[in-house]
Every structure is written in structure tokens, then in C-alpha cells.
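Worksheet: the structure to be examined is printed underneath.
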There are 2 protein chains.
Amino acid sequence: MTTVTIKDVAREAGVSVASVSRALNGTGGVTAETEKRIRDVAARLRYIPHGAARSLITRRTHTIGALLPDMYGEFFSELIRGIDLAARARGLHLLVSSAHDGVEDAAAALRTMRGRVDGMIILSPRADASFLHTNLPESLPTVLLNSPLRGPRYPVLNIDNHGGAHAMVRHLAVERGYRDIALVAGPHDNYDAQQREEGYRAAMAEFVPGASLRIIRGEFTEESGYRAGCEMMASGKLPRAVFAANDMMAIGCLLALREAGVRVPEEVAVTGFDDIPIARYITPALTTVQVRIVDLGRSALERLAALLDAPDQATPPEADTLGCHVVVRDSCGARPPGKTSTKKAR
Amino acid sequence: MTTVTIKDVAREAGVSVASVSRALNGTGGVTAETEKRIRDVAARLRYIPHGAARSLITRRTHTIGALLPDMYGEFFSELIRGIDLAARARGLHLLVSSAHDGVEDAAAALRTMRGRVDGMIILSPRADASFLHTNLPESLPTVLLNSPLRGPRYPVLNIDNHGGAHAMVRHLAVERGYRDIALVAGPHDNYDAQQREEGYRAAMAEFVPGASLRIIRGEFTEESGYRAGCEMMASGKLPRAVFAANDMMAIGCLLALREAGVRVPEEVAVTGFDDIPIARYITPALTTVQVRIVDLGRSALERLAALLDAPDQATPPEADTLGCHVVVRDSCGARPPGKTSTKKAR
DNA sequence: AGCTTCGATGAAAACGTTTACGTTCCACCC
DNA sequence: GGGTGGAACGTAAACGTTTTCATCGAAGCT
């Protein structure tokens, strides 16, 4: 009464449940005539197959799970969007579990996924090797995002943080000719932050050999960027350029400088990393490193889908990095300031 | 071998599967001693219960489904975030299906949810009454978001578009004293757009009676806002204030005016709707209507959870609207321009 | 000692599907 | 006309749980 099952359809159509299953799934073995009859009855009763029951025996859920940390804004939505877009194209669905903070929380989330997903995409700072080993079913295909982990166990997809930072510093040093380039770094325990800092160091050593490095620690927040800006002012000596390890800090820094009456980019150039939407609207428009997050999500899903199709062979689980490139706007002094030419609609 | 089931645990611990189930679920009926033995074995074997199997008999999935249209940016991520946060607090999980464009696509998504979710949150322009009737299992608790639908069938949660628009026009007309207020409207077939337009009309009739309305049609995109701005320029007569039905159009309009050398807000005031993050960073900072999207998601989930707990009684499925209020920044001429004071960190 | 009561445990049914395996029936071929 | 083959369909097992019911034993009571 309350919910209609395959048995109801079978009874109503005067056939066995097996035939209903065959007819509705398009596996052969039923007359065109009976198939039609069954389909009609199913439609009339508004029968909808029970997913859990089906996947219990099929061993396929056509669903993939995404484990994400509690994250804000654009990065999150773009990532989900990329994953979901690719998933939909492959007829897969998406079970997301974001917004978990503790490691125990994440473990619980992971456990409840068992039996509900065919594979996992995991982006989590807490997900080290032992965590995965204890909480991930042996045989569940999994792709890691932005993880320091290596090895044959799981494929890993990373943003090319090192390359992006390197390219930005090169732009600042070589094309703009700045030598005194400060870094507003991210938190120590953050993998992205580490990579970006390393890229900065490498590029400085390469393009401005002998220069003394200037690094201010931030936390990827606008406020910490603001503080970094104030700190620079207080030190008495401003650098010629500031490279912030993400856009929010760059913006915070920008505001601090602006408030203090320092002209950007004439006196100090400021650049960021991520290319969040705000970047192109702020004045001066922010020069930054663009990373195509949608593509990251898409790639992750496609990698995972490949794993699902090919039982285990093929697809070497090598680490893969997703390219990013610097997009030059006004805040680095590349163009005469005052003219914004960003009309790119979304 | 590949996956360990409850039977393996039972065999290894020398008990029946029933006892394992009891021990692990904390239902009474097992000695503390055997419970410990079972728990140990389960941990050693790294047993994880199979969700689908469990929910097949339990009739509970502890998962709720979200059906969303293909949407961009902040709105999407904030909504998901709100839902997920509240869900996690209640021990529920989230199955999202976004990025569907066609109605057929949405129907398919809805059908595959059967048996995988305990309830649904639906935000979709396509979800009219007949669509829901044919694709939604009779007994599945459902909450509608931003839907024109009314009636006892489903609870509906709406943004107070009408009230927000009304309040904005009131601010422009009464507190700022502008009389020539133009509207850059959203697409005709969009429910939010309709409501906002109505709010505008009502407020104009109330506060600037007799004034001739000036409405330019847009599509909620930056580019259409830009075009609207150009159109106003071309008409030869600029309004004193422009109220765009969302922030992206307001920004597009702003850029068009700035490019033409029109000073905002001295010559023309510009305001928007949504309070996307960009709004406070653009120059001049945008006066807009803030809607707490996170709260919308949270409320939706809590409403749904109430439905799940109380079989059907209680909780009158009345329509509910979520308040929003105007946040005054620089673009409406409220403060002396040039000073941005937005340090609010997230 | 015999009876009842109660707690711990196991056996088995149930959830709603898919699918391997039989069975039936009809057409076809020598 | 009897055998062969194959298509259509039904029966039942299986998937991994939870839960009802029965069983068993020990403890408590008279």
C-alpha cells in the first residue's frame, strides 16, 4: 500500500517477479508484448525500484562518495560542480560528506559510505596513510586529492602548487624586474601551503640568487593577510612585491596597504593564488595564479571511473598534477592602472 | 576474502550473526564479556557494516537527498553547506544531485534516490506539481525550496524576495530620497525574479506613487547587467538609482557606468540583491539585500528532520519565508565614498 | 524436588531486488 | 513423428543485515 514493490507489479501483470525485472532492465527474455504490458502496469502503479535492494545483489550503487573537509566558498562549490558534472555524464551519483572537522568525524563518515558507494574521492588534510588503512574497505577504489601521499595504493591528483608559485615569482622577478619579493605564506601544516612556499623558494634561488628571503606566516584568511600587511608597514621597509599564498590573504594585504595610503601597484605589487571570483573585481584587479578547480573535480572523477571500469589492471596509479598558470591583471603593475577590462561573463 | 561480512565476524567469534548484530548495535541481550569479544574480532577483521543491506530491512538510510539545478558559485556552496552542517549535527548524510538541466534528467535523478534516502530537499524551477507527483514516491518526506507551489502536500521554504526588494526600494526612496528608480529585472520564468519585481512594483506604488516605472529585462548574469547599463546610457536619460535583481547584474551595470565615466553613487546609485562575497570588495562596495543562504539550507534540513521524526502529525506544512535585510554600503550614496571599511573576516 | 522466570543465545524470516537454473512449449529438421 | 534447439517464463537462491521467536540453562521460589 504505502510503497509499491516489484511483487505488486508482478501480481498485477500476471507474471513472475523475474519477468518484471527482465522487462524493466531490458535484459532479453521477454516478448515485446509482455514487456509492454509490464511497463504499462509499472507506470500505472508508479513503481520505482528500490535502490538499496538492487545494489545489495548487484554490488553496484552507481554512486561515488566525496569526503571533503569543512570548506568555504568557491573552491568547494567548484570542486563539487566538476565532480558532479563528470559523474552525471557517466550516469553516476554523488554522495558528499563535507563539513567534518574532527578526524573521528571523518572516520565515521567514511564508514557509513560502505555499501552505498562504488568508489571514493577524498580530499582531507587528516587522511594520512594509517587513517585510510583503518577506515577504508580494502577493495574500495579511491582517488586522493591534494594529498602528500604517494605510492601504488591510490592514485593522487594534485594542484601544481609548486609550479604555480614558481611561475608567479618568475613573472614578478623576470618580467616585472622586482627583486625584493616577500611571501605571505600559508599555515605550516597545510600541504598546499608547503608546496607553494617551496615553489617560491626555488624560484627566488633561481631568478634572484643571493636575495634575502622575506616570509610572513599567515593562515589563508583575509584577516591574516591584513595583519601581514600591517606587519610589513611596521617593519619600516616595504618590499617591492608581495606574493600571497592565496587570494584571500592577498586581498587582506591589499586593504591594509590601501588603508595606509600605499599605492598598489606603483609602490608595492601584490599577487595571490587561486583566482577566486573576487580577484578580478577588486581594485586593482588581482594578478594571481589560476587553478581550474572544476577540472580538478572532473579529472578526479574520471580517474575514479576508469578504476571502476577496469577492475585493477591498467591506469598506473601514478601521482598526477593539474597545471595552473598565472593570469596577469593590474595589481602587479603590468598595465597602466585605472582601466579594468574584465568583462568575462560566466 | 575481499569484503568481510557479519558472518565472518560471527564465525570468528564463535557466535551467531544475531549476537554480533546485537553487540555492535548496543541493543541489549549480550553479556559484557561476549560483547567485548565480538567487538575485538570486528575491529581485528576491520568489519564495516554494509549500509545498503542494513537499510533494506531497517527502512532507514540516515541519508537525505538534495535535488538542485545546475547552479554556480556562492549560492550553491552556501546552501549545501547549510544543509550538510545541520545534517551532520543530526547524524544524517547528504546525497546531492545537482547540475541537472533537463526535466527528464531531474526525473531520473529523483528516481534513483528511491531506497537511498529518507527524505528530499528539492530546489528546482522544473519541479511543478505534476512532476513531483509522478516522480516522487508517495510516502517520501520532502521539503521544497524557493518554489511557487503551495498546499498541504509539502512544506515550502522561501526566501523573502518580495520583502527584500520592498525594503531596498524603501531605503532608496525614503531614506535616500531618490524618486527615479529603475529596475534591472531577472528572467521572466524565474520565480525569484518575479517576486523581486513584484516587491519593486509594490514599494514604488507605495513610496513614489505616480512615478513611471522603468524596467529593463536581464538574465541574472553580469553580462546582461552590463548591457542594461549600456541601454540606460543610450536612452539619453539616466535614472537616479538602479536596483538590480541580483548582485551579478548590479556589478555588470556598475562596470558599464564606470566605463562610460558616470560616477557611482554621486550621479547614479546602484544596488543589488543576494550579498555575494564580491559585493563588499567591489569599488564602490555594493549596497545589497542580504539573504542568509546557509540558514535557508539549515532550516530546510531541520524542517525535513522534523518530518522524519514525527511520522506525519504536527508541523503544519505551511509555507515559510526566510527573512532578509538590506545591508548598506557605499554604492547607494549612504556614506561619503572612498572609504571602504569592510574588514569582516570569514 | 519441581515449577516458574528471566537472561543469553541461536535459528530463521524478512527486506526488495537480480540471476542461475529448470521447465514448458513450440517450431523446425531429418 | 520423434528428437533437437531455443525462446519465454517461473522458481528459488542469493546479497548482508535486523528482528522475532524459540530454546536452553540457571537461578529463585515454595
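Chain letters run A, B, ... following the sequence lines, proteins first, then strands; residues in each count from 1. Keep in mind it's a predicted model, so treat the numbers as computed, not measured.
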With sequence neighbours left out, write down each residue that passes side chain to side chain donor-acceptor pair (under 3.5 Å) with [X], or none if nothing qualifies.
X	answer
R39(A)	E35(A)
K36(B)	D40(B)
S19(B)	none
D118(A)	T61(A)

Worksheet item: Are any of T58(B)'s side-chain N or O atoms less than 4.0 Å away from OP1 or OP2 of dC15(C)?
Response: no
Worksheet item: Does a side-chain N or O from T31(A) land closer than 4.0 Å to OP1 or OP2 of dA7(D), or not?
Response: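 Indeed not, no polar side-chain atom of T31(A) lies that close.
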Discussion item. Heavy atoms only, 4.0 Å cut-off, all strands: where does S21(B) land among base, sugar-phosphate and nothing?
Written reply: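 Base, at least one base heavy atom under 4.0 Å.
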Worksheet item: Which is true for T5(A) with a 4.0 Å heavy-atom rule: it touches a base, it touches only sugar-phosphate, or it touches nothing?
Response: sugar-phosphate
Protein-nucleotide distance ([X], atom [atom1]; [N], atom [atom2]), rounded to Å:
X	N	atom1	atom2	result
K7(B)	dA11(C)	NZ	C1'	13 Å
I57(B)	dT18(D)	CD1	C1'	4 Å
R59(A)	dT17(D)	CZ	P	10 Å
L56(A)	dT19(C)	CG	C1'	14 Å
R54(A)	dC15(D)	CZ	C1'	14 Å
R60(A)	dT17(C)	CZ	C1'	17 Å

Fill in: V143(A) side chain reached by Y154(A) side chain, heavy atoms, under 4.5 Å
no
Item to complete: Could you tell me whether the side chain of L67(A) reaches within less than 4.5 Å of the side chain of M120(A), counting heavy atoms only?
Response: yes
Worksheet item: Which residues within residues 107-120 of chain B lie with some heavy atom under 4.0 Å of an atom in DNA chain D?
Response: none
Discussion item. I need the residues from residues 44-52 of chain B with at least one non-hydrogen atom less than 4.0 Å from DNA chain D; give them sorted by number, or say none.
Written reply: Y47(B), I48(B), P49(B), H50(B)
Discussion item. Checking T27(A) now: which residues fulfil side chain to side chain contact (heavy atoms under 4.5 Å, CB included) with it, not counting sequence neighbours?
Written reply: N25(A)
Worksheet item: By side chain to side chain contact (heavy atoms under 4.5 Å, CB included), which residues pair with H50(A), not counting sequence neighbours?
Response: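 Checked H50(A) against side chain to side chain contact (heavy atoms under 4.5 Å, CB included); matches are A52(A), A53(A), L56(B), R114(B).
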Can you give me every donor-acceptor pair (side chain of residues 291-300 of chain A, partner residue at least two apart or in another chain, under 3.5 Å) with its distance?
residue, atom, partner, partner atom, Å
S299(A), OG, D295(A), O, 2.7

Worksheet item: If you check the V15(A) side chain, which of dG10(D), dT18(C), dT9(C) turns out closest?
Response: dG10(D)
Worksheet item: For residues D192(B) and N146(B), is any side-chain donor paired with an opposing acceptor at under 3.5 Å?
Response: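 A pair is found: one side chain offers a donor N or O, the other an acceptor, under 3.5 Å apart.
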Discussion item. Can you give me the closest heavy-atom contact between A109(A) and H93(B), atom names plus distance?
Written reply: CA-CE1, 4.0 Å
Nucleotide N/O to protein N/O under 3.5 Å, stretch nucleotides 20-27 of chain C:
none

Practice prompt. Please round to 10 degrees the angle between the axis of the first five pairs and the axis of the last five pairs in the helix from dA1(C)-dT30(D) to dC30(C)-dG1(D).
Written response: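 The helix from dA1(C)-dT30(D) to dC30(C)-dG1(D) shows an end-to-end axis angle of 60°.
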Fill in: Electrostatic pair D8(A):R11(A) at N-O distance under 4.0 angstrom
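Yes, charged N to carboxylate O under 4.0 Å.
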Item to complete: Strictly below 4.0 Å, heavy-atom distances to any atom of DNA chain C: list the hits from residues 33-42 of chain B, or just say none.
Response: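 Going residue by residue through residues 33-42 of chain B, the ones with a heavy atom under 4.0 Å of DNA chain C turn out to be T34(B).
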